[in-house]
Amino acid sequence: MATQTAIPKGTRDFLPHESIRRNFIFDTIRSVFRLYGYQPIETPAIENLSTLLGKYGEEGDRLIFRILNSGNFLSNIKDKDYTNRNSNALAAQICEKGLRYDLTVPFARFVVQHRNEITFPFKRYQIQPVWRADRPQKGRYREFFQCDVDVIGSDSLLNETELIQIINDVFTRLNIRIQVLLNNRKILTGIAQALGVPDKLIPFTVAIDKIEKIGKQGVIAELKSIGLTDEGLARLVPLLEFQSTNQSTLAAIEQVTGSNEIGKQGISELRTILENLHSLTISSPVVVSPSLARGLSYYTGAIIEAKALDVPMGSICGGGRYDDLTGIFGLPGVSGVGVSFGAERIYDILNELDGFPANLTETTQVMFINFGEPESRHCLALLDKLHKAGISAELYPVIAKIKKQFAYANTRKIPFVAMIGAEEMQKGLVTIKNMQHGDQKTLNQTDLLKHFT
RNA sequence: GUGGGUAUAGCUCAGUUGGUUAGAGCAUCAGAUUGUGGUUCUGAGGGUCGUGGGUUCGAAUCCCAUUAUCCACCCCA
């Protein structure tokens with residue numbers, strides 16, 4: 001197509017009706033965050049690469065957008081790196097900033113930097129865009145908003161419990177049926193150790209995480225390729241099979257990990273969280289899933305994920321506990337836990353389910369027809385009164401055909417049109433037309449406010 | 001990084017085994033006795049058929065390349 005204008009792939013413009021719908025999602029999420037006592041913060045879109053790199057695994061580093069240095073950045077480059085076309089070596093020398101990849105790592109940086117200005121346990125929320133140089137796909141964008149809630153500086157499993165409550169509340173308010181999946185990195189570590197592949201933790205978790213996609217046989221094949229023995233496989237297989245209750249899932253995990261210390265810890269943590277949840281009314285099913293892994297490498301404890309039940313889509317909310325993320329920035333011994341809501345996917349799901357409230361509109365209540373200069377000037381005083389009373393009102397800015405002005409009001413879905421022509425002006429009257437029903441009535445201008453209040 | 005699909009008007013798409021001035025719906029603009037929109041009628045503007053090459057008397061149509069985009073994999077919200 002011969003379009004002259006375009007935006008970078010994986011990014012999107014939002015028309016007013018879309019923006020209104022997105023704000024509905026943000027407002028809903030924000031209101032739940034506030035309900036649980038979390039406070040807002042903001043961090044810059046760009047961070048130093050030293051802050052970002054190495055936190056998301058190799059794949060994650062590859063997907064960080066880098067920002068070219070300013071100035072004549074090639075002047076100090078070694079000829080060797082330049083002539084060798086060594087992109088990595090070159091990039092390290094000509095880029096020192098990047099766009100943030102998520103909100104959690106910048107948050108860890110924020111906590112370390114402002115440790116003396118915040119009170120621990122620090123509960124914060126943050127709703128901002130993040131960028132990933134990923135190849136776009138369904139439900140995948142290069143620029144997307146994350147809505148993060150984290151509490152840092154507390155080991156208590158009450159925090160995990162609260163986050164599950166928050167997830168449940170958000171999706172209940174949005175009217176999306178979900179399932180909360182729960183696992184623990186310690187369990188995954190324990191299993192890998194018990195099966196004799198402690199050094200293969202990551203490929204191991206990646207493999208079992210694919211159970212839904214490639215099936216049991218696929219996972220088994222992949223596990224064999226990373227060196228799991230037949231004996232180990234035989235012990236693992238029950239974990240890949242569906243269990244009717246969380247108790248039996250945990251028991252099955254116990255069968256595998258046995259006396260492994262880390263594994264036992266993970267199981268005990270999950271049991272505590274599940275017990276805590278018993279005291280609450282959580283309408284979404286909470287399911288222990290030993291195959292849940294999550295890619296981000298900084299998680300160390302509980303991992304949490306929410307999936308929509310009615311629409312096939314990747315996870316729409318995910319997170320977990322990270323014990324030492326601030327340690328990397330020089331503040332060890334501070335444990336954090338948090339989850340992130342994927343606003344774009346929630347938007348896509350609500351769109352597909354036709355789940356947005358019907359009355360989501362932001363429009364003018366009443367528009368004044370512009371009949372000419374004296375008439376429009378006369379309207380200004382009335383407009384002023386309406387604005388001061390908190391009623392959104394506008395005057396059509398140019399003297400145009402009445403037909404055109406009505407058509408404009410109609411397209412904008414403005415519910416009332418006010419007319420003050422020469423005659424009305426003289427008599428102090430105003431004619432109000434209800435655009436939905438088509439009927440109109442004339443009243444005293446002094447009664448105009450009452451009509452809208 | 002790997003594999004597949006698609007590319008025709010602002011948008012959604014037709015376009016026959018290659019054939020003459022490339023169409024529709026929606027949208028836009030203008031009109032149907034100048035104070036009335038949403039349903040009607042009439043008309044207008046708008047396309048180098050993604051770009052470059054090739055085959056052919058002739059290409060939107062067939063072939064090659066290229067770019068963009070979508071989908072799937074990897075990975076992830």
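Letters A, B, ... mirror the listed sequences (proteins, then strands); counts begin at 1. All of these numbers come straight from a predicted model, not from anything done at the bench.
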**Q** Tell whether A:Arg135 reaches the base of B:U69 with its side chain through a donor-acceptor pair below 3.5 angstrom.
**A** no

**Q** What's the gap between B:G1 and B:U61 when it is taken at their P atoms, as a whole Å value?
**A** 30 Å

**Q** Looking at A:Phe107, does the NZ or CZ of A:Arg124 lie under 6.0 angstrom from its six-membered ring centre and within 45 degrees of the ring axis?
**A** yes

**Q** Counting just side-chain N and O atoms, does A:Lys403 come under 4.0 Å of either OP1 or OP2 of B:U36?
**A** no

**Q** Identify which one of A:Arg66, A:Lys55, A:Arg109, A:Arg100 satisfies the salt bridge (Lys or Arg N to Asp or Glu O under 4.0 Å) criterion when paired with A:Glu47.
**A** A:Arg109

**Q** What does A:Val130 touch in the nucleic acid at a heavy-atom separation under 4.0 angstrom: a base, only the sugar-phosphate, or nothing?
**A** nothing

**Q** Report the C-alpha distance between A:Asp348 and A:Arg345 in whole Å, list the side-chain angles of each, state the deciding distance to 0.1 Å, and finish with yes or no for salt bridge (Lys or Arg N to Asp or Glu O under 4.0 Å).
**A** CA-CA 5 Å; A:Asp348 290 347; A:Arg345 288 186 176 178; over 6 Å; no

**Q** Name the nucleic acid region contacted by A:Gly438, choosing base, sugar-phosphate or nothing; use a 4.0 angstrom heavy-atom cut-off, strictly under.
**A** base

**Q** Side-chain donor or acceptor of A:Arg140 under 3.5 Å from a matching atom on the base of B:C75?
**A** yes

**Q** Mapping A:Lys138 and A:Glu222 to their closest nucleotides on RNA chain B, which lands nearer the 5' end?
**A** A:Lys138

**Q** For A:Thr43 and A:Gln126, does a side-chain donor sit closer than 3.5 Å to a side-chain acceptor?
**A** yes

**Q** Name the closest nucleotide to the A:Lys433 side chain, picking from B:C74, B:G37, B:A77.
**A** B:G37

**Q** If you take any heavy atom closer than 4.0 Å to RNA chain B, which residues from residues 421-428 of chain A end up in contact?
**A** A:Gly421, A:Glu424

**Q** Determine the interatomic distance between C1' on B:C74 and the same-named atom on B:C64; round to the nearest Å.
**A** 30 Å

**Q** Sticking with atom P, work out how far B:U17 lies from B:A30, rounded to a whole angstrom.
**A** 43 Å

**Q** Below the 4.0 Å mark, does B:G35 have OP1 or OP2 next to a side-chain nitrogen or oxygen of A:Lys401?
**A** no

**Q** How far does OH of A:Tyr408 sit from OH of A:Tyr396, to the nearest 0.5 angstrom?
**A** 7.0 Å

**Q** For atom C1', what is the distance between B:G46 and B:G35, given to the nearest Å?
**A** 33 Å

**Q** Nearest to the side chain of A:Arg62, heavy atoms from C-beta on, is which of B:G1, B:G35, B:A77?
**A** B:G1

**Q** Under 4.0 Å between a side-chain N/O of A:Gln137 and OP1 or OP2 of B:C70, yes or no?
**A** no

**Q** OP1 or OP2 of B:A77 less than 4.0 angstrom from a side-chain nitrogen or oxygen of A:Gln146, does that happen here?
**A** no

**Q** Do the side-chain N and O atoms of A:Arg321 and A:Asn184 include a donor-acceptor pair separated by under 3.5 angstrom?
**A** no

**Q** Without hydrogens or angle criteria, can the side chains of A:Ser340 and A:Asp148 be said to hold a donor-acceptor pair below 3.5 Å?
**A** yes

**Q** Where the side chain of A:Glu59 is concerned, which of B:G37, B:C75, B:C76 is the nearest nucleotide?
**A** B:C75

**Q** Please report, rounded to the nearest Å, how far the P atom of B:G38 is from the CD atom of A:Gln405.
**A** 15 Å

**Q** Any idea which of B:G38, B:U36, B:C70 is nearest the A:Asn410 side chain?
**A** B:G38

**Q** Tell me whether the NZ or CZ atom of A:Arg177 lies within the 45° cone about the ring axis of A:Phe171 and under 6.0 Å from its centre.
**A** no

**Q** From C-beta outward on A:Phe371, which listed nucleotide comes closest to its side chain: B:G35, B:C74, B:U36?
**A** B:G35

**Q** How would RNA chain B look in dot-bracket form, 5' to 3', counting Watson-Crick and G-U wobble pairs with both distances under 3.5 Å and writing | for bases paired to another strand?
**A** (((((((..((((.....[...)))).(((((.......))))).....(((((..]....))))))))))))....

**Q** Apply the test salt bridge (Lys or Arg N to Asp or Glu O under 4.0 Å) to residues A:Arg62 and A:Glu58: give CA-CA distance (whole Å), side-chain angles for both, the deciding distance (0.1 Å), then the verdict.
**A** CA-CA 6 Å; A:Arg62 216 165 53 81; A:Glu58 213 175 299; over 6 Å; no

**Q** Under 6.0 Å from the six-membered ring centre of A:Phe14 and within 45° of its axis: does the NZ or CZ of A:Arg22 meet both?
**A** yes

**Q** Identify whether any heavy atom of A:Lys210 sits under 4.0 Å from a base atom; if not, whether one sits that close to sugar-phosphate; answer base, sugar-phosphate or nothing.
**A** sugar-phosphate

